[in-house]
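Notes follow the structure.
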Protein chains: 2
Amino acid sequence: MATIKEVAKYANVSVATVSRVINKKGYVQKETQTKVEEAIKALNYRPNNVARSLFKKQSKMIGYIVPDITNPFFPQLVRAVEDVTVAQGYTTFLCNSDDNLEKELMYLNKMAENYIDGVIIVSNHMNESHLANLQIPVVALDRVFHESIPSVTIDNYQEARRAVMHLVENGCEKIAHISGPENIINSQLRKKAYQDVMMALERPVYISEGHYQMKTAQEATFRLLHEQKDIDAIFTGNDVMAVGALKACTKLGINVPKELQIIGFDGIEWTETVSPEITTIAQPIYEMGKKAATMLLNRINGKEEGQDHIVFPTELKIRETTTH
Amino acid sequence: MATIKEVAKYANVSVATVSRVINKKGYVQKETQTKVEEAIKALNYRPNNVARSLFKKQSKMIGYIVPDITNPFFPQLVRAVEDVTVAQGYTTFLCNSDDNLEKELMYLNKMAENYIDGVIIVSNHMNESHLANLQIPVVALDRVFHESIPSVTIDNYQEARRAVMHLVENGCEKIAHISGPENIINSQLRKKAYQDVMMALERPVYISEGHYQMKTAQEATFRLLHEQKDIDAIFTGNDVMAVGALKACTKLGINVPKELQIIGFDGIEWTETVSPEITTIAQPIYEMGKKAATMLLNRINGKEEGQDHIVFPTELKIRETTTH
DNA sequence: CTGTTAGCGCATTCAC
DNA sequence: GTGAATGCGCTAACAG
């Protein structure tokens, strides 16, 4: 790789001039400019981003911390964010945290060490105190960390209520819930929404823990239907578990949605790969990623400050696991 | 962020000494070492990786070029590679190429500009000439670029033959194929395997193009079954299309596997989320990623050279869309 | 054992 | 308009 020095020598100018034409900054005669450009082409020169980062204290890289890219929710999100940041010349620094706070903090450090320009974080355990020392702009996705940290989320409680109400409106009598992990706040909100609706309607509550996972949810469904044979609807804490519930029903020979209705939460692709296709509360994943990225870029460029907390609406996608 | 200079001043030593304790390199008295360590702690110092990269010409970052992280095949792969590289202190630089050669080359440049230490590439269009100028170690995944570029792959042709033979052995008479894109070599190999087996057995050939996508494959299946009602088996060029084919059958009320058998290719998670679960030729995705990462790290550390071409075996996972 | 110094490649003053 | 000089934070000779 050629350096700016070599280009300067080749073009018979100083490195400062080369720098000027590269960055289109400051005055430079047209003649010398073309001379430099030719030199750049001739030597196949590319500016070294590491040296540039060192000087400017920014790297043109955006960091992402997600629990696990293997979880079908995140690829879409990462992709959305990337689509808007690459257009501005940023590249992607990806970190899988396994929902482990220690790893998250370790990665945050790595980012600081690399002059990462901004971070998008999906985390269930992080809070404002962990970000206090960090000089880097941050946008929280999927969960609000603190009023001082800008965020992009949905209203998990209200939208979960809507899911349950959809089942109620479809005439379901005995509605069960397969819940997500205890230590994930969104999962708890969705569960509480279910409980509250049932309470208000004076209906019995049937809850089984599914850990946000397909296999576990399938077993949870077996348990549920074994103990309580007349359950006629299930609201699962996420779509992955809805797939598990559906599989359980299929194995048990239960007709969905005629005998039992299912509604999920999230809007991931899996809901459309299975048959019957799963009714769900769809988060506008792509839009959310896009918005988070835009907010982050604005903050990086100093165009925007303060603490926006964007709450996106969801869409009830009525498909084939509910009757209407 | 504190710098090495500040630490040196705080500890009353030179920056060289600080550097020595950070890197555990060279001799340093125990006393001064503890003094430095205290200073580091007191100032909450973290070495700046950008400055370090500039000097050492390596960044402790591994680059990935994949067509699209949204494609369910890649998250597992990226994750596997990451698992072994993070353990060695590397971080992840992720690039989605959309299977677009121009983007791939652009990202390759970005990597060079950032002193990325090594690259894992999944690409259908890249070849040796594009990598010629690159100084960075590369491992190709999923496809062989050139004998000089180490690679980790499977034998697409032979394994696809095995898929078709499985259908034949199950007694299927009229076997169709839903093919992937024309310009993807693996897709072509799988198609050719199908054609060759049919030819050898003097069976008719039914091919419909599914572009590696679920929706398209679903339509392709509709077309196929409309034109040729007595098809009793489908081999799809990948699992995503197998899901599409299965959905088509479900909509048509065709009993899978009794009336029609389906076998896919790849071994992605989707094959286990649907009902019936899809029989497939499963690539050991995680193992492949792990192997590729290990090869890459060895090359980065100069431990290994030459051009390994690892071909992994696959596993025929007989599930519910075929009879045996 | 420890300190001084010279770059790594670039962007930015400040002279000219 | 352009060039020379300085420093971003760090590592690796080289002295001592």
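Lettering follows sequence order; numbering is per chain, from 1. Computed from a predicted model, the values in this text were never measured in an experiment.
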Subject >> Nucleotide of D:dG1, C:dG9, D:dG3 approaching A:Asn48 most closely (side-chain heavy atoms) >> reply: C:dG9
Original post:
Between D:dA5, C:dG9, C:dC10, which nucleotide has the shortest distance from any of its atoms to the side chain of A:Arg52?
Top reply: C:dC10
**OP:** Could you check how far CD of A:Glu31 sits from C1' of D:dT2, rounded to whole Å?
**Re:** 14 Å
Original post:
Does a side chain donor of either A:Ser148 or A:His146 reach within less than 3.5 Å of an acceptor in the other side chain?
Top reply: yes
Original post:
When the distance from NZ of A:Lys9 to P of D:dT2 is rounded to whole Å, what number comes out?
Top reply: 21 Å
Subject >> First of B:Tyr115 and B:Val15 reached from the 5' end of DNA chain C, by closest nucleotide >> reply: B:Val15
Original post:
Which residue, A:Lys25 or A:Met1, contacts DNA chain C at a nucleotide closer to its 5' end, judged by nearest heavy atom?
Top reply: A:Met1
Original post:
At under 4.0 Å, does any side-chain N or O of A:Ser14 touch on OP1 or OP2 of D:dT2?
Top reply: no
**OP:** With DNA chain D as reference, determine whether A:Ala16 or B:Lys56 sits nearer its 5' end, using the nearest nucleotide of each.
**Re:** A:Ala16
Original post:
How long is the line joining OH of B:Tyr27 and C1' of D:dA12, in whole Å?
Top reply: 16 Å
Original post:
In whole Å, what is the span from the OH atom of B:Tyr10 to the P atom of D:dG9?
Top reply: 20 Å
Original post:
Rounded to the nearest Å, what distance is computed from the CD atom of residue B:Glu6 to the P atom of nucleotide D:dC8?
Top reply: 10 Å
Original post:
What's the CD1-C1' distance between B:Ile4 and D:dG7, to the nearest Å?
Top reply: 16 Å
Original post:
Can you find a side chain N or O atom of A:Thr32 that sits less than 4.0 Å from OP1 or OP2 on D:dT2?
Top reply: yes
**OP:** Kindly point out which of C:dG9, C:dT2, C:dG7 is positioned nearest to the side chain of B:Lys57?
**Re:** C:dG9
Original post:
To the side chain of A:Arg20, which of D:dT2, D:dT11, C:dC1 is closest?
Top reply: D:dT2
Original post:
If you look at every strand shown and take non-hydrogen atoms under 4.0 Å, does A:Ser19 touch a base, only sugar-phosphate, or nothing?
Top reply: base
**OP:** Calculate the interatomic distance between B:Leu54 atom CG and C:dG7 atom P; express it in whole Å.
**Re:** 14 Å
**OP:** Specify the closest pair of heavy atoms between A:Leu296 and A:Gly118, including all atoms of both residues, with the distance to one decimal.
**Re:** CD2-C, 3.8 Å
**OP:** With heavy atoms under 4.0 Å as the rule, sort A:Val50 into base, sugar-phosphate or nothing.
**Re:** nothing
**OP:** Classify the nucleic acid contact of A:Val18 as base, sugar-phosphate or nothing, counting any heavy atom under 4.0 Å across all strands shown.
**Re:** nothing
Original post:
Between the side chains of A:Thr294 and A:Asn298, is a donor N or O closer than 3.5 angstrom to an acceptor N or O?
Top reply: no
Original post:
Between D:dC10 and B:Lys5, is there an OP1 or OP2 to side-chain N/O distance shorter than 4.0 Å?
Top reply: no
Original post:
For the side chain of B:Ser151 and the backbone of B:Val144, is there at least one donor-acceptor N/O pair under 3.5 Å apart?
Top reply: no
Original post:
Do we see a donor-acceptor contact under 3.5 Å between the side chains of A:Asn49 and B:Asn114?
Top reply: yes
Subject >> Nucleotide nearest A:Gln29 when distance is taken to its side chain, options D:dT2, C:dG9, D:dT11 >> reply: D:dT2
Original post:
Looking at C:dG9, D:dT11, C:dT2, which one has an atom nearest to any side-chain atom of A:Thr3?
Top reply: C:dG9
Subject >> Nearest non-hydrogen partners of A:Val86 and B:Tyr107, listed with the distance >> reply: CG1-OH, 3.2 Å
Subject >> Between C:dT13 (P) and A:Asn23 (CG): distance, integer Å >> reply: 13 Å
Original post:
Any idea which of C:dC10, D:dG1, C:dG9 is nearest the A:Tyr45 side chain?
Top reply: C:dC10
